[in-house]
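Report on the following structure.
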Amino acid sequence: MAELRIKANLSVLLIVTSAALVSGFIVSGLLTTSKILSSTGSIKAINVEVYWDLECTQVVSSLDWGSPGPGDVVNQTVYVKNTGNAPMTLYLNCSSWNPTEAENYLTVSCDRQGAILGADEVVQAIFQLSVSSTISGITDFSFNIIVEGVG
């Protein structure tokens, strides 16, 4: 008799636990919303070179920003080298936005914008992509980042 009660209690516990898990997933699914943005980006370097490593052995040709959502900020750490023989000032620009509306919702910046690099000098730089919290209608985007040394 005691064994029968234990089996019955275990069956009830299993049913209640299963129901709670299923209803929890349903409720959480109803309360969660998200927007995934796919992206790519290519790097064009003028009078400088951009690398993944401080030793300057792995050239950066493109950045993958992942799939940021509205309000997200994504950082990419790179190393910028002055390949010339004179000091120059670093500038970052973006071009070829696709779709063109993406430029209204995405901001790209660099913490080394305006920095002066000596000849053959290497600095760590953080490129940052900020996605507006009001972005809508854009699911995929791409653009070019132009890193230029002027001197």
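Quantities reported herein were computed from a predicted structural model and do not represent experimental measurements.
For the side-chain contact (heavy atoms from CB on, under 4.5 Å) test, residues two or more places apart in sequence or in another chain that qualify with Ile126 are Asn75, Thr77, Asp111, Gln124. Residues that satisfy the salt bridge (charged side-chain N to carboxylate O under 4.0 Å, His left out) test with Asp53, not counting sequence neighbours, are absent from this structure. Ser132 pairs by the side chain to side chain donor-acceptor pair (under 3.5 Å) definition with Thr134, not counting sequence neighbours.
Taken from CG in Leu90 to CG in Leu117, the straight-line distance is 4.5 Å, to the nearest 0.5 Å. Between the CZ atom in Phe127 and the CZ atom in Arg112 there is a gap of 11.5 Å [rounded to 0.5 Å].
Linking ILVMFWY side-chain heavy atoms closer than 4.5 Å, directly or via other members, places Tyr79 and Val147 in two distinct hydrophobic clusters. Hydrophobic cluster membership is shared by Val131 and Ile138, with clusters built from Ile, Leu, Val, Met, Phe, Trp and Tyr side chains linked at under 4.5 angstrom.
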_Could you walk me through whether Glu148 and Val48 satisfy the side chain to side chain contact (heavy atoms under 4.5 Å, CB included) test, starting with their C-alpha distance in whole Å, then the side-chain angles of each, then the deciding distance to 0.1 Å, before giving a yes or no?_
CA-CA 6 Å; Glu148 183 175 17; Val48 295; over 6 Å; no

*Report the C-alpha distance between Leu129 and Thr107 in whole Å, list the side-chain angles of each, state the deciding distance to 0.1 Å, and finish with yes or no for side chain to side chain contact (heavy atoms under 4.5 Å, CB included).*
CA-CA 6 Å; Leu129 174 73; Thr107 304; over 6 Å; no

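Residue Trp52 comes nearest to Leu63 through the heavy atom pair CH2-CD2, 3.4 Å, listed as atom of the first residue, atom of the second, then distance. Taking every heavy atom of both residues into account, Ser109 and Leu92 meet most closely at C-CD2, 3.7 Å. Nearest heavy-atom pair, Pro70 versus Ile135, reported as atom, atom and distance to 0.1 Å: CG-CG2, 3.8 Å. A pairwise comparison of heavy atoms in Trp65 and Val74 identifies CZ3-O, 3.4 Å as the closest pair. Scanning all heavy atoms of the two residues, the minimum distance from Val122 to Cys56 falls at CG2-SG, 3.6 Å. Closest of all the heavy-atom pairs between Val80 and Ala125 is CG2-CB, 4.0 Å.
The list of salt bridge (Lys or Arg N to Asp or Glu O under 4.0 Å) pairs with a residue in residues 118-132, not counting sequence neighbours, reads Lys81-Asp120.
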Side chains of residues 93-106: which donor-acceptor pairs under 3.5 Å do they make with residues two or more places apart or in other chains?
unit_1: Ser96; atom_1: OG; unit_2: Asn144; atom_2: ND2; d: 3.4

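Of the residues Val108, Val73, Asp72, the one that meets the side chain to side chain contact (heavy atoms under 4.5 Å, CB included) test with Ser130 is Val73.
Inter-residue side-chain proximity for Val59 and Glu49 is flagged as met; some heavy-atom pair is nearer than 4.5 Å.
Residues Val150 make up the rest of the hydrophobic cluster containing Tyr91, defined by ILVMFWY side-chain heavy atoms closer than 4.5 Å, directly or through other members.
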